[in-house]
Amino acid sequence: MARNKIALIGSGMIGGTLAHLAGLKEMGDIVLFDIAEGTPQGKALDIAESAPVEGFDSRLSGANDYSAIEGADVCIVTAGVARKPGMSRDDLLGINLKVMEQVGAGIKKYAPNAFVICITNPLDAMVWALQKFSGLPKNKVVGMAGVLDSGRFQHFLAEEFNVSVEDVTAFVLGGHGDTMVPLARYSTVAGIPLPDLVKMGWTSKEKLEEIIQRTRDGGAEIVSLLKTGSAYYAPAASAILMAESYLKDKKRVLPCAAYLSGQYGVKDMYVGVPCVIGEGGIERVIEIELNKTEQKAFDNSVASVAGLCEACIAIAPNL
Ligand code: TXD
């Protein structure tokens, strides 16, 4: 049986990290693609030279032509520009929308059967545009944001409670970033919901609110520390988790920017919701009952994503 083929479209900070993680986990053969000449080829060769040291078998290659992604099983898209200090995710829309049009055409032509994981920001609008530009089935195009946002939330909670990250579960909904909706009542330590932990004196409501806000600001905090770009280790790890669930048909239940056709009262948009990822791609969208406060926050998040999609249509009316 042939190995899986993973195409990384964008070989920058996240793309290179994706390639390294996919190699270490022996997920299949890896093609790094970029418009920058040399970057994909250099990173592919460098990681290939680490393979004997680590003990993994993977054919790694770098390319500047989309034909190299022919027949990929998974495409992970980071092509575009990243934030610099002082920039919002939304500031990237104009440039990155044009990139999504090129990427969509490349995937449509060479990897129409792939499971496509979009990372490029502003995520919720870029994944929506990428699905339309590529014409791939809506259940085969998904955005990575919620796994990262919940990873940040879990990290801060584990620190607060001094427990293993393995026993913290976090539940986030909505758009990626400022309008993200972390659900405290569905986030737990070993199944104990956060509101119960407040009652048990493990933390306070105020501290919890602080942690939620720090999660929302997670990307900006890293951008301000790094100064030259945005986060890449945790985003890459998050996309790899989603790719693995598809390739191994694990049916993980993960927060993803998925296409909604009426779920949560949302139509023809991508928003962060809990999904089941298996060999069919996004196999199920899980609809939970939201209370008034949560619904209001979710609707606010949907409204901000809708605004970004309208901005996209203003630039590319064919969307
Ligand atoms: O949770 C999330 N979804 C976010 C997403 C988490 C972190 C970063 N987020 C976004 O991912 C970030 O705002 C960017 O839009 C992407 C990629 O971030 P990265 O840090 O990897 O950016 P780099 O290092 O600048 O890499 C981008 C690469 C770079 O090598 C460019 O040459 C290439 O994209 N690029 C292109 N490749 C193909 N085609 C085109 N047109 C193109 N333009 C640039």
Side-chain angles (χ1 to χ4, degrees), residues 9-10 14 35 66 75-84 86-112 114-146 148-149 172-181 216 219 230 235 239 255-273 275 281-282 285 295-319:
I9 301 174
I14 300 179
I35 48 167
Y66 272 105
C75 292
I76 308 179
V77 179
T78 60
V81 292
R83 286 199 273 173
K84 296 269 182 301
M87 284 176 81
S88 78
R89 291 181 181 86
D90 300 358
D91 293 338
L92 305 175
L93 188 141
I95 303 169
N96 288 348
L97 181 65
K98 291 193 175 38
V99 174
M100 288 305 102
E101 188 156 17
Q102 295 167 15
V103 174
I107 292 174
K108 182 175 189 165
K109 185 170 178 191
Y110 293 105
F115 181 52
V116 178
I117 301 170
C118 183
I119 297 184
T120 302
N121 265 329
L123 187 269
D124 306 283
M126 292 301 102
V127 62
W128 172 81
L130 182 59
Q131 186 280 322
K132 290 187 183 292
F133 286 134
S134 69
L136 265 64
K138 295 175 177 79
N139 63 312
K140 297 291 286 296
V141 182
V142 68
M144 186 297 289
L148 170 64
D149 291 332
V172 297
L173 280 177
H176 175 46
D178 312 351
T179 63
M180 179 188 74
V181 183
R216 281 202 190 88
S230 44
C256 306
Y259 182 80
L260 299 183
S261 55
Q263 302 91 332
Y264 292 93
V266 179
K267 271 193 186 327
D268 191 26
M269 272 175 69
Y270 276 79
V271 183
V273 291
C275 303
I282 297 293
V285 167
Q295 187 64 55
K296 192 164 169 292
F298 183 77
D299 292 347
N300 175 47
S301 188
V302 170
S304 75
V305 174
L308 290 175
C309 293
E310 272 143 43
C312 288
I313 293 167
I315 298 170
N318 55 328
L319 268 172

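These numbers come from the heavy atoms of this one structure, side chains and all, not from hydrogens, waters or symmetry mates.
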Original post:
Can you find a pair of side-chain heavy atoms, one from Met100 and one from Cys118, that are under 4.5 Å apart?
Top reply: yes
Original post:
Roughly how far, to the nearest 0.5 Å, is CG of Leu136 from NZ of Lys108?
Top reply: 9.0 Å
**OP:** Take His176 and Asp149 through the test side-chain contact (heavy atoms from CB on, under 4.5 Å) and record every step on the way to the result.
**Re:** CA-CA 8 Å; His176 175 46; Asp149 291 332; 2.9 Å; yes
Original post:
How far does OG of Ser304 sit from CG of Asp178, to the nearest 0.5 angstrom?
Top reply: 8.5 Å
Subject >> Qualifying residue, where the test is side chain to side chain contact (heavy atoms under 4.5 Å, CB included) with Phe133 and the options are Val103, Leu319, Ile107 >> reply: Leu319
Subject >> side-chain contact (heavy atoms from CB on, under 4.5 Å) between Ile119 and Ile14, intermediate numbers included >> reply: CA-CA 9 Å; Ile119 297 184; Ile14 300 179; 3.9 Å; yes
Original post:
Within the distance-only criterion (no hydrogens, no angle test), does the side chain of Thr78 pair as donor or acceptor with the backbone N or O of Gly10 below 3.5 angstrom?
Top reply: yes
**OP:** Take Val266 and Val305 through the test side-chain contact (heavy atoms from CB on, under 4.5 Å) and record every step on the way to the result.
**Re:** CA-CA 11 Å; Val266 179; Val305 174; over 6 Å; no
**OP:** Kindly indicate whether the side chain of Val273, heavy atoms from C-beta on, has any atom under 4.5 Å from the side chain of Tyr264.
**Re:** yes
**OP:** Kindly indicate whether the side chain of Leu93, heavy atoms from C-beta on, has any atom under 4.5 Å from the side chain of Ile315.
**Re:** yes
Original post:
For the residue pair Ile282 and Cys275, what are the closest heavy atoms and their distance?
Top reply: CD1-CB, 4.1 Å
Subject >> Closest approach of Val142 to Ala257 (non-hydrogen atoms, all atoms of both residues) >> reply: CG2-O, 3.3 Å
Original post:
Going from NZ on Lys138 to OG on Ser261, what distance comes out if it is rounded to the nearest 0.5 angstrom?
Top reply: 9.0 Å
Original post:
At their closest point, which heavy atom of Gly86 faces which heavy atom of Asp91, and how far apart are they?
Top reply: O-OD2, 4.3 Å
**OP:** Measure across Asp124 and Gly272 and return the closest heavy-atom pair with its distance rounded to 0.1 Å.
**Re:** OD1-N, 4.4 Å
**OP:** Compare all side-chain heavy atoms of Leu97 with those of Met126 and state whether any distance is below 4.5 angstrom.
**Re:** yes
Original post:
Do Leu123 and Tyr270 have side-chain heavy atoms sitting under 4.5 Å apart?
Top reply: no
Original post:
Are the side chains of Leu92 and Pro122 in touch, meaning some heavy atoms are under 4.5 Å apart?
Top reply: yes
Original post:
Do you know which two heavy atoms are closest between Ala239 and Ile76, and how far apart they sit?
Top reply: CB-CG2, 4.1 Å
Original post:
Quick one: CG on Asp299 to OG1 on Thr179, what's the gap to the nearest 0.5 Å?
Top reply: 11.5 Å
Original post:
At their closest point, which heavy atom of Met144 faces which heavy atom of Leu148, and how far apart are they?
Top reply: SD-CB, 3.8 Å
Original post:
Asp268 versus Tyr259: any side-chain heavy-atom pair under 4.5 Å?
Top reply: yes
**OP:** Given side-chain contact (heavy atoms from CB on, under 4.5 Å), test Trp128 with Val141 step by step and report yes or no.
**Re:** CA-CA 8 Å; Trp128 172 81; Val141 182; over 6 Å; no
Subject >> Separation between NZ of Lys296 and OG of Ser301, rounded to the nearest 0.5 Å >> reply: 13.0 Å
